S.K.: 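Okay, here's the structure, questions in a sec.
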Amino acid sequence: MSFEFIVTEVKGNVGLVRFNRPKALNALSPGLMSEAMDALETFDQDDGVGAMVVTGDQRAFAAGADIKEMANATVVEMGKSTFISSWDRLKRIRKPIIAAVSGFAFGGGCEFAMACDMIVASESAQFGQPEINLGIIPGAGGTQRLTRAIGKALAMEVILNDRRLTAEEAYRFGLVNQVVPKELYLEEALKLAQQIANRAPVAIQTAKEAINAVFDMDLDAGVAYERRLFYSLFATEDQKEGMDAFVNKRKANWKGK
Ligand code: CAA
């Protein structure tokens, strides 16, 4: 895969996507978003990849949607564009995605990280939704995902008053999984992704689907949905292999079938 605004790599069985517009603090232009989604969808189809990591650089994960590209847009042009809806493509990726965040994760950058499944943050990471300063509101899920993650009171402050969260605060409020020194954030994210990628692939993807269903369903429907997914795994070779390995005290050899 060759791209203009991102760099991709496969490390072990982890697909890595790096935003690569450092001079613009990795602002998420339509071109970058489209390339990032294409790369993630390609990794999602690749049997050699079990999980993905998305990152920026030490200074910025991404400082938001590209303001310069949006500044003169009309309401009709915004509505016609597939730019904002490209965040929805993240939701359709079946394999786990970890955001490795250092520096600024603002606006669409914060929304991108929140649309991933887990966040590993460097101690220098800052999360914010500063759209209010531009006379707009978050448009790629920020009001919804941030509120679900950190609660209404704090989300109001972040979105209405540009309150920025340090990595430690983001950890305390449940937005991120771990905070690590800035030299190690990518390594730690890759390590976590690798551990997950080594597990039973169909069960991993099914678990992700079941957890994400919590945002779309009430408890009874969610529990019933989980149960159907749970039963469905008894049709996989991996379930037979995993249970046989346990009973015979050996390491399971996952097939992803
Ligand atoms: N879009 C386009 N360019 C951006 C950008 C963005 N979101 N963020 C930074 N840049 C560019 C700057 O224009 C600057 O370019 P030039 O050197 O050509 O002037 C370069 O990146 C470096 O930025 P700064 O000089 O501003 O760096 P700083 O360290 O002084 O400040 C910052 C860093 C606080 C992150 C500041 O750049 C900033 O406030 N950026 C905008 C953040 C923002 O408002 N994000 C929300 C965007 S809207 C959105 O995301 C909507 C949505 O919900 C999808």
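As the structure is a prediction and not an experimental result, all values here were calculated from the model. We count ligands from 1, going down the list as the structure has it; atoms in each ligand are counted the same way. Residues: numbered from 1 along the sequence shown.
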S.K.: Does Lys240 pair with Asp238 as a salt bridge, N-O distance under 4.0 Å?
M.R.: no

S.K.: Closer than 4.0 Å to some heavy atom of Gly139 - which atoms of ligand 1 meet that?
M.R.: 52 (C), 53 (O)

S.K.: Taking N or O atoms only and a 3.5 Å limit, does Gly108 qualify as a polar contact for ligand 1?
M.R.: yes

S.K.: Applying a 4.0 Å heavy-atom criterion (strictly less than), which segment of Leu134 is in contact with ligand 1: side chain, backbone, both, or neither?
M.R.: side chain

S.K.: If you measure from each non-hydrogen atom of Ala65 to ligand 1, which part falls under 4.0 Å: side chain, backbone, both or neither?
M.R.: both

S.K.: What are the atoms of ligand 1, with element, lying closer than 4.0 Å to any heavy atom of Glu111?
M.R.: 52 (C), 53 (O), 54 (C)

S.K.: For ligand 1, which atoms, with element, lie under 4.0 Å from some heavy atom of Phe106?
M.R.: 35 (C)

S.K.: Start with the C-alpha gap between Glu241 and Arg250, add the side-chain angles, then the distance that decides, and say whether salt bridge (charged side-chain N to carboxylate O under 4.0 Å, His left out) holds.
M.R.: CA-CA 10 Å; Glu241 169 66 10; Arg250 63 176 177 84; 2.8 Å; yes

S.K.: Run the salt bridge (charged side-chain N to carboxylate O under 4.0 Å, His left out) check on Arg228 and Glu226 step by step: do they pass?
M.R.: CA-CA 6 Å; Arg228 285 196 298 277; Glu226 177 197 77; over 6 Å; no

S.K.: Tell me, yes or no, whether the heavy-atom count around Asn248 atom CG, taken from other residues, nucleotides or ligands under 6.0 Å, exceeds 12.
M.R.: yes

S.K.: Is there a donor-acceptor contact under 3.5 Å from the side chain of Glu35 to the main chain of Phe5?
M.R.: yes

S.K.: Within the structure, does at least one protein heavy atom fall under 4.0 Å of atom 17 (O) of ligand 1?
M.R.: no

S.K.: Can you check which of Gly141, Gly64, Ala63 brings a heavy atom nearest to atom 42 (C) of ligand 1?
M.R.: Ala63

S.K.: Please report whether atom 27 (O) of ligand 1 has a protein non-hydrogen atom at a separation of less than 4.0 Å.
M.R.: yes

S.K.: Taking atom CZ of Phe246 as the centre, report whether more than 12 heavy atoms of other residues, nucleotides or ligands fall under 6.0 Å from it.
M.R.: no

S.K.: Count the heavy atoms belonging to other residues, nucleotides or ligands that lie under 6.0 Å from NZ of Lys208, then report whether that count exceeds 12.
M.R.: yes

S.K.: Looking only at protein heavy atoms, which one is nearest to atom 10 (N) of ligand 1, and how far off is it?
M.R.: Ala24 O, 3.7 Å

S.K.: Any donor-acceptor pair under 3.5 Å linking the side-chain atoms of Tyr225 with those of Glu209?
M.R.: yes

S.K.: Any heavy atom of Arg59 sitting closer than 4.0 Å to ligand 1?
M.R.: yes

S.K.: Quick one: does atom 50 (O) of ligand 1 have a protein heavy atom under 4.0 Å from it?
M.R.: yes

S.K.: Write out the residue and atom name of the closest protein heavy atom to atom 19 (O) of ligand 1, then the distance separating them to 0.1 Å.
M.R.: Lys68 NZ, 4.1 Å

S.K.: Heavy-atom contact check, 4.0 Å cutoff: does Gly142 meet ligand 1?
M.R.: no

S.K.: Checking side-chain polar atoms at under 3.5 Å, does Asn133 have a donor or acceptor matched by the opposite partner on Asp162?
M.R.: yes

S.K.: Which atoms from ligand 1 have a heavy atom of Glu131 less than 4.0 Å away?
M.R.: 48 (S), 49 (C), 50 (O), 51 (C), 52 (C), 53 (O)

S.K.: With heavy atoms under 4.0 Å as the rule, classify the contact between Ile84 and ligand 1 as side chain, backbone, both or neither.
M.R.: side chain

S.K.: With a 4.0 Å cut-off on heavy atoms, is Lys23 touching ligand 1?
M.R.: yes

S.K.: Which atoms of ligand 1 have any heavy atom of Pro130 under 4.0 Å away?
M.R.: 43 (C), 44 (O), 45 (N)

S.K.: Check whether Phe106 forms a cation-pi arrangement with Arg164 (NZ or CZ under 6.0 Å from the six-membered ring centre, at most 45° off the ring normal).
M.R.: yes

S.K.: Could you list the atoms of ligand 1 found under 4.0 angstrom from a heavy atom of Pro138?
M.R.: 53 (O)

S.K.: Identify, for atom 1 (N) of ligand 1, the protein heavy atom at the shortest distance, and state residue, atom and that distance.
M.R.: Ile67 N, 2.9 Å

S.K.: Among Leu25, Asn133, Asp66, which one has a heavy atom closest to atom 31 (O) of ligand 1?
M.R.: Leu25

S.K.: What do you think, any protein heavy atom under 4.0 angstrom from atom 38 (C) of ligand 1?
M.R.: no

S.K.: So does Thr166 get a backbone contact from the side chain of Glu169, meaning a donor-acceptor N/O pair under 3.5 Å?
M.R.: yes

S.K.: Check each of Glu69, Arg21, Glu111, Met33 against Leu28 using the side chain to side chain contact (heavy atoms under 4.5 Å, CB included) test, and report the only one that passes.
M.R.: Met33

S.K.: Could you walk me through whether Glu157 and Arg163 pass the salt bridge (charged side-chain N to carboxylate O under 4.0 Å, His left out) check?
M.R.: CA-CA 6 Å; Glu157 230 184 303; Arg163 157 93 185 267; 3.3 Å; yes

S.K.: Would you call Arg92 and Asp88 a side-chain contact if the rule is heavy atoms closer than 4.5 Å?
M.R.: yes

S.K.: At less than 4.0 angstrom from any non-hydrogen atom of Gly107, what atoms of ligand 1 do you find?
M.R.: 46 (C), 50 (O)

